[in-house]
Amino acid sequence: MKHRYLPMTEQDQQEMLATIGVATIDELFADIPEKVRFKGQYNIKEAKSEAALMKELAQLAAKNKDTASNVSFLGAGVYNHYKPIIVDHVISRSEFYTAYTPYQPEISQGELQAIFEFQTMIAELTGMDLANSSMYDGGTSLAEAGMLAAGHTRRKKLLVSGAVHPEYKDVVATYAYGQSIEVITIPTKDGVTDIEALKGLVDDQTAGVIVQYPNFFGQVENLQPLADITHDAKGLFIVSSNPLALGVLTPPGKLGADITVGDAQPFGIAEAFGGPHCGFFAVTNKLMRKVPGRLVGETVDQDGRRGYVLTLQAREQHIRRDKATSNICSNQALLALAASVAMTALGKQGVQEMAKQNIVKTRYAKNAFEAAGFEVAYQGAHFNEIVVKTNASVTDINKKLIEKGIIGGFDLGRVYPELANHALIAVTEIRTKEEIDALVAEMGAYNA
């Protein structure tokens, strides 16, 4: 056999040179002036044996501070949640793990049904009429929602709450730049969107208003008045939401949202250094034909048997490019499946209980910090994150915490200069009372 699992051999090289019609590598590059050719030795290490290389890589990997061996209070958009063990068992099956886009329904019923189940559960959680087959992540989902609003209303202005995840805002701004859409930040007040400021910013050129629920600071926004202001100006109301929080919070669809997006990472998807994750995108019926990506629909075959098919694929691969609603070329079906398996394993009551645990344990952490003399910045309703003011640099405190096996909160001063020495602390259902007490005690020792 000529097939090898090795880089090019000397024999391979000679065969290719002979086919091209030259004798040497130098002859191959004869058209390149001699003076610009590199003739030295690359400054790289000598090759190691497989055993030696694996040992070195293992030593490097051991330096990582992961959430399996450390207690994590870091959230800011990616969270350390309980992951049912069945999730990896299901998504590791070859039928799903190696599956490609299910263009042929006759051989893709399992994949199509899995996507359909994901759509159904997301629609139920968000209170929206329908959801698509998934997006890349929460940030691109939000940006696509903004572009949909601009296209639907034929307007060129988006208002984005200052309490929306800063990286999500950057993605929105990047998408908007290419479409010549103006992005304006709505000021915040007491950790939530300033309603009065929104009233002064919204006008007849506003395509949509974007808020987060719960927002980046963990605060629960009052959506209804924000939706009313948006709709009075005939714009679309867009909500970026934590799907786990919707296990206990009123769904955005019940509070006036036209589009609800977010990241399914809290359901069965590992932090994985920030990705890949799985975005979701849900809308009202009136926007059905403008959804980016694709939807899976349920139908019956000629014998009346239930079946699933791809439908409403208004993207550049399937229709004239100038008519496409988006240039998204794929989805995160494997991770959407992971989220679906996690939600199914938990069940409705399990999702509610898991969400309640986030609220209860965060409330305990808030009280513990205040009892220890810390100031908690915002006092509104919150989900699983609070903002704690410190006397010392959050970065310096976190360096001390990691020595104790604790991954500290997000340093808000990195993106909000006015919030220097403020930590965004995330407390999920898997954190224990002892772990929370240890965090407060350790931060107190470094906070003097």
Check: Y364/D437 side-chain N/O donor and acceptor closer than 3.5 Å | yes

Can you tell me if E167 has over 12 outside heavy atoms packed within less than 6.0 Å of its CD?
no

Query - Pair K400 + D396: basic N to acidic O under 4.0 Å - result: no

_Residues, nucleotides or ligands: over 12 heavy atoms within 6.0 Å of I184 CD1_ = yes

Pairs of donor and acceptor atoms involving the side chains of residues 231-239, under 3.5 Å and at least two apart or interchain, shall be tabulated with distances.
from, atom 1, to, atom 2, distance (Å)
H231, ND1, A227, O, 3.3
H231, NE2, G256, O, 3.4
H231, NE2, D258, OD2, 2.7

> Just wondering, are more than 12 heavy atoms of other shown residues or ligands nearer than 6.0 Å to CD in Q349?
Replying inline: no

- Task: Please work out whether the ring planes of F374 and F369 are parallel, tilted or perpendicular, with thresholds of 30° and 60°.
- Result: perpendicular

inquiry  = Would you say NZ of K399 has more than 12 non-hydrogen atoms from neighbouring residues, nucleotides or ligands within 6.0 angstrom?
reply    = no

Give a yes or no on whether I107 atom CD1 has more than 12 heavy-atom contacts from other residues, nucleotides or ligands under 6.0 Å away.
yes

For H152, the ring pair (Phe, Tyr, Trp, His ring centres under 6.0 Å) test, sequence neighbours excluded, returns none

Is any side-chain N of the basic residue among R155 and D204 closer than 4.0 Å to the acidic one's carboxylate O? no

Note to self: Run the side chain to side chain contact (heavy atoms under 4.5 Å, CB included) test on K356 and I359 for me, step by step, so that the C-alpha distance in whole Å, both residues' side-chain angles and the decisive distance to 0.1 Å come before the verdict.
What the structure shows: CA-CA 5 Å; K356 289 176 181 177; I359 295 173; 5.6 Å; no

Across all chains, not counting sequence neighbours, the ring pair (Phe, Tyr, Trp, His ring centres under 6.0 Å) partners of F96 are none

| message | Given 3.5 Å as the limit, does a donor-acceptor pair link the side chain of Q379 with the main chain of V376, or not? | response | yes

Original post:
Within a strict 4.5 Å, meaning less than it, do heavy atoms of the F216 and P166 side chains meet?
Top reply: yes

query: Below 6.0 angstrom between ring centroids: does that apply to F217 and F383?
result: no

Anything under 30° is parallel, anything over 60° is perpendicular, the rest tilted; go ahead and classify H81 against Y79.
tilted

- Task: With side chain to side chain contact (heavy atoms under 4.5 Å, CB included) as the test, would you mind laying out the steps for F118 and L337 before giving the verdict?
- Result: CA-CA 7 Å; F118 172 79; L337 174 63; over 6 Å; no

